[in-house]
Amino acid sequence: MIDVHTHAQLSEHWGCEWHDHWQPIYGHEWVDTTPEAYDEAMQGVDLALVFGIRATAVGMTSPHEYIADFCRRTTTNTIGFMALDPTDDDVLEQLADGVAHGLRGIKLYPVLALFDPRDERFDPFYRAVEKAGLVLLWHMGATPSPVGRLEVSNPLVVDEVARRHPGITQIIAHMGHPWQRETIAVIRKNPRVFSDVSAAWARPADGRRALIRAQEWDVVTKLLFGSDYPIWTPAQAREGLLELHADKTPGLPPIADETVDWLLNGDPRPALGLA
């Protein structure tokens, strides 16, 4: 199993965001991720991508050295991603520092960093991403935070980035929920754009229809397993996907065995350039 969506963050990395806006929704305090707890949760996972979040506008940060050290301390096979905010004046220096720390991708969070990915002023950043051979993973879709800009979190914004920078491998997180149809259109159109299914199963009505649509549009092999740990564990995500598969609601096509098998057992590393 390849888990492309896991977090390693400390409470201090959140600033006030979790306490002020997320805790009332999720109902619990943030629990700092430790390598030991991470390894226990990742049993059965062959490779996991690890990252934090950076959104300068709301005081969220994720130090490169923390992610790099976290990956060194896990027994799980991990690949660290840096978390960047392209509105930072020194983002290119931060990118170079992340590369120096051995990080192989970038997590971007426009909904809380409050930037429009389509803005051409970020083209130098995208060119640097492509030159360094880094994978971009976007948080796309909903947020519980009232300060977030939802209009820059619609997966259609990634299409414009891919159109201008087709050489960058990109991953749309969460199937862009609740805009899963838009995500399917974007990944079908752009050869190097993929989507993870993290949290898709947590909204069963939407999640089931999203996987059925992915089948109808023949993009299942561009979908990637993700748990969104520590919000959910890989085991919980696996069980959620199996429950969607087992749901045989009359009037809806089934989720194919091959779809679930790909998500749980497929190897997307060659396509992502992470083999």
Side-chain angles (χ1 to χ4, degrees), residues 4-5 49 51 53 55 86 105-120 122-123 125-126 129 135-228 231-232 237 240-241 244 252-253 255-256 259-260 262-263 266 268 271-272:
V4 304
H5 198 118
L49 308 187
F51 41 76
I53 302 172
I106 301 171
K107 173 70 176 293
L108 294 176
Y109 218 96
V111 67
L112 289 183
L114 309 181
F115 73 91
D116 189 333
R118 298 166 295 186
D119 194 323
E120 292 184 3
F122 301 127
D123 280 348
F125 168 72
Y126 296 132
V129 170
V135 177
L136 284 184
L137 190 149
W138 301 87
H139 172 88
M140 284 284 134
T143 179
S145 179
V147 302
R149 287 184 59 191
L150 285 177
E151 77 274 15
V152 299
S153 201
N154 187 305
L156 290 177
V157 302
V158 176
D159 180 58
E160 178 63 13
V161 178
R163 191 185 67 81
R164 295 208 308 267
H165 304 279
I168 301 176
T169 298
Q170 303 183 69
I171 301 171
I172 297 170
H174 314 304
M175 289 191 81
H177 62 185
W179 298 297
Q180 294 99 330
R181 289 186 300 176
E182 285 81 352
T183 294
I184 287 168
V186 173
I187 65 176
R188 177 176 181 261
K189 172 182 179 288
N190 297 289
R192 300 188 70 170
V193 181
F194 302 81
S195 177
D196 77 47
V197 301
S198 56
W201 55 270
R203 302 287 187 269
D206 278 348
R208 185 160 186 259
R209 285 172 173 81
L211 294 181
I212 291 169
R213 290 189 179 108
Q215 293 172 169
E216 290 179 342
W217 287 90
D218 197 25
V219 294
V220 167
T221 57
K222 301 197 78 179
L223 300 181
L224 313 169
F225 176 85
S227 65
D228 207 8
I231 304 297
W232 295 286
L241 289 170
L244 293 184
L252 283 178
I255 296 174
T259 297
V260 175
W262 166 255
L263 289 170
L272 297 175

(Q) If you define the side chain from C-beta out and look only at heavy atoms, does anything of Phe125 sit under 4.5 Å from Ile106? (A) yes
(Q) How close do Tyr126 and Pro117 get, counting heavy atoms only, and between which atoms? (A) OH-O, 2.7 Å
(Q) Please give me the minimum heavy-atom distance between Lys222 and Arg192, naming the atom from each residue. (A) NZ-N, 4.2 Å
Q. Any idea which heavy atoms bring Leu137 and Ala173 closest together, and the distance?
A. CD2-CB, 4.1 Å
Q. Considering the options Leu223, Thr169, Ile172, which one meets the side-chain contact (heavy atoms from CB on, under 4.5 Å) requirement together with Phe194?
A. Thr169
Q.
Does any part of the side chain of Asn190, heavy atoms only, come nearer than 4.5 Å to the side chain of Pro166, both counted from C-beta?
A. no
(Q) Treating Arg164 as the side-chain partner and Asp159 as the backbone partner, does any N or O pair qualify as donor plus acceptor under 3.5 Å? (A) no
Q.
For a quick test of reading the model, state the closest non-hydrogen atom pair linking Asp206 to Pro178 and the distance between them.
A. OD2-CB, 4.5 Å
Q.
Less than 4.5 Å apart, side chain to side chain, heavy atoms only: is that true for His139 and Val111?
A. yes
**Q.** Leu244 vs Pro204 side-chain heavy atoms within contact, under 4.5 Å
**A.** yes
Q.
Suppose we call two aromatic rings close when their centres sit under 6.0 Å apart. Are Phe51 and His5 close by that rule?
A. yes
Q.
What I'd like to find out is whether the side chain of Ile53 reaches to under 4.5 Å of the side chain of Leu112, using heavy atoms alone.
A. no
Q: Could you check whether the rings of His174 and His177 sit parallel, tilted or perpendicular, using 30° and 60° as the cut-offs?
A: parallel
(Q) I'd like to know whether Val158 forms a side-chain contact (heavy atoms from CB on, under 4.5 Å) with Ile187, so could you lay out the CA-CA distance, the side-chain angles of the two residues, the decisive distance to 0.1 Å, and finally the verdict. (A) CA-CA 9 Å; Val158 176; Ile187 65 176; over 6 Å; no
Q) Would you say Gln215's side chain and Thr259's backbone share a donor-acceptor pair under 3.5 angstrom? A) no
Q. Can you check whether Ala205's main-chain N or O pairs, donor with acceptor, with Arg209's side chain at less than 3.5 Å?
A. yes
Q.
So for atom CZ, which belongs to Arg149, do other residues, nucleotides or ligands contribute more than 12 heavy atoms lying within a distance under 6.0 Å?
A. yes
Q | Residue pair Val186 / Pro155: nearest heavy atoms and the distance that separates them | A | CG2-O, 3.6 Å
Q: Given side-chain contact (heavy atoms from CB on, under 4.5 Å), test Gln170 with Val135 step by step and report yes or no.
A: CA-CA 6 Å; Gln170 303 183 69; Val135 177; over 6 Å; no
Q: With sequence neighbours excluded, tell me which residues meet ring pair (Phe, Tyr, Trp, His ring centres under 6.0 Å) with Trp201.
A: Trp232
Q) Under the 3.5 angstrom rule, does the side chain of Ser153 hit a backbone N or O of Gly141 as a donor-acceptor pair? A) yes
Q | side-chain contact (heavy atoms from CB on, under 4.5 Å) evaluation trace for Val157 with Glu151 | A | CA-CA 9 Å; Val157 302; Glu151 77 274 15; over 6 Å; no
Q. Which distance, rounded to the nearest 0.5 Å, do you find between the NE2 of His165 and the CZ of Arg163?
A. 9.5 Å
Q.
With a 4.0 Å cut-off on N to O distance, would you call Glu216 and Arg213 a salt bridge?
A. no
Q | Side chains of Pro110 and Met140 in contact at under 4.5 Å (non-hydrogen atoms) | A | yes
Q) Taking side chain as C-beta onward, heavy atoms only, is Leu241 less than 4.5 Å from Leu211? A) yes
Q) Between Ile255 and Ile212, is any pair of side-chain heavy atoms under 4.5 Å apart? A) yes
Q. When you measure from the side chain of Trp138 to the backbone N and O of Ile171, does any donor-acceptor pair fall under 3.5 Å?
A. no
Q | Atom of Leu108, atom of Pro86 and distance for their closest heavy-atom approach | A | CD2-CD, 3.9 Å
